[in-house]
Amino acid sequence: MPPSTNATVSTRPATPADLPAINAIYADAVLHTVSTWDYEPMDMARREAWFAAHEREGLPVFVAVTEAGTVLGWSALNQYNHRPGYRFTVENSVYVGEPHQGRGLGRRLLAALIEAARELGMHSIVAAIDGENEASVRLHRAFGFEPAGRVREAGFKFDRWLDVVYLQLLL
Ligand SMILES: CC(C)(COP(=O)(O)OP(=O)(O)OC[C@H]1O[C@@H](n2cnc3c(N)ncnc32)[C@H](O)[C@@H]1OP(=O)(O)O)[C@@H](O)C(=O)NCCC(=O)NCCS
């Protein structure tokens with residue numbers, strides 16, 4: 001399929017039918033990039049449990065889809081920390097399929113998350129980003145996320161140490 005243009009893509013809440021596509025996009029990032037420090041793709045049972053937990057906790061998952069219904073990317077708000085004092089802070093995830101990156105889908109998916117976080121009455125969103133992931137840092141900076149620290153060599157993947165940078169948006 002050729003790369004999409006914005007005109008043909010919309011963003012909507014995910015449904016269980018979207019989970020295989022969400023999982024495939026994530027698996028590609030796991031296997032080929034350091035954007036996530038998972039080593040193995042998720043199996044569908046784990047992805048279904050992940051989605052059920054989001055529904056239970058009222059945390060949104062969005063997909064960017066073509067008019068034909070093909071999922072090109074997804075985003076989610078995740079619990080930041082289970083302790084009750086952290087309940088007004090969430091962490092976010094944004095993944096756009098590799099052939100469709102750089103066409104504004106990340107922007108749409110992150111905008112949907114920020115709006116949802118406001119509607120949920122959240123106070124802040126934290127993004128934990130691989131220190132080399134310039135695209136993600138720039139995407140988040142464009143929405144007003146500000147640097148909130150760097151933990152050096154917190155991760156190890158593909159035989160090397162990786163820094164994590166934290167960006168935060170106060171809502
Ligand atoms: C990071 C990611 C979500 C950005 O989504 P995208 O659809 O590719 O980005 P967009 O087209 O919406 O661009 C939004 C902004 O991101 C930045 N950006 C996007 N691609 C970039 C690249 N290759 N290099 C540098 N900056 C980039 C730019 O600031 C851009 O704004 P601009 O076009 O006005 O300059 C996407 O590339 C992706 O899914 N990457 C792999 C997974 C990942 O890294 N997820 C985030 C984990 S923290």
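Atoms within each ligand, like the ligands themselves, are counted from 1 in listed order. All values below come from the heavy atoms of this structure, side chains included, with hydrogens, waters and symmetry mates left out.
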Task: Single-linkage hydrophobic cluster, 4.5 Å side-chain cutoff, Val30 and Ile129 together - done: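 No; Ile129 is not reachable from Val30 via cluster members.
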TODO: Answer yes if Leu77 and Tyr166 sit in the same cluster of Ile, Leu, Val, Met, Phe, Trp and Tyr residues linked by side chain heavy atoms under 4.5 Å apart, and no otherwise.
DONE: no
Any side-chain to backbone donor/acceptor pair from [X] onto [Y]? Under 3.5 Å, distance only.
X      : Y      : value
Lys157 : Thr36  : yes
Arg141 : Ser136 : no
Gln101 : Val96  : yes

- [ ] Between Asn133 and ligand 1, find which residue part has any heavy-atom pair under 4.0 Å and reply side chain, backbone, both or neither.
- [x] side chain
Task: Region of Arg103 that comes within reach of ligand 1 [heavy atoms, distance under 4.0 Å] - done: backbone
Task: Atoms of ligand 1 close to Ile129 [distance to a heavy atom under 4.0 angstrom, numbered from 1] - done: 48 (S)
TODO: Using protein heavy atoms only, decide if any is under 4.0 Å from atom 29 (O) of ligand 1.
DONE: yes
With only distance considered, is [X] within less than 3.5 Å of ligand 1 through an N or O on each side?
X      : answer
His100 : no
Gly104 : yes
Ala128 : no
Glu134 : no

Under a plain distance cut-off of 3.5 Å, with no hydrogens placed, do [Y] and [X] share a side-chain donor-acceptor pair?
X      : Y     : answer
Tyr95  : Ser75 : no
Ser124 : Thr89 : yes
Asp18  : Trp74 : no

Task: Pair Asp163 + Arg150, salt bridge at N-O below 4.0 Å - done: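 Counted as a salt bridge, because a side-chain N and a carboxylate O are separated by less than 4.0 Å.
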Looking at [atom], what's its closest protein heavy atom, distance included?
atom                    : answer
atom 38 (C) of ligand 1 : Gln101 NE2, 3.6 Å
atom 35 (O) of ligand 1 : Arg138 NH2, 3.6 Å
atom 15 (C) of ligand 1 : Leu139 CA, 3.9 Å
atom 39 (O) of ligand 1 : Val96 N, 2.7 Å
atom 32 (P) of ligand 1 : Arg107 NH2, 3.8 Å
atom 45 (N) of ligand 1 : Val94 O, 2.7 Å
atom 43 (C) of ligand 1 : Ser35 CB, 3.5 Å
atom 5 (O) of ligand 1  : Gly106 CA, 3.4 Å

- [ ] Would you mind finding which of Ser136, Ala135, Gly102 brings a heavy atom closest to atom 24 (N) of ligand 1?
- [x]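 Ranked by closest heavy atom to atom 24 (N) of ligand 1, first place is Ala135.
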Task: Side chains of Leu113 and Val94 in contact at under 4.5 Å (non-hydrogen atoms) - done: yes
Task: Ring centroid separation His140 to Phe145 under 6.0 Å - done: yes
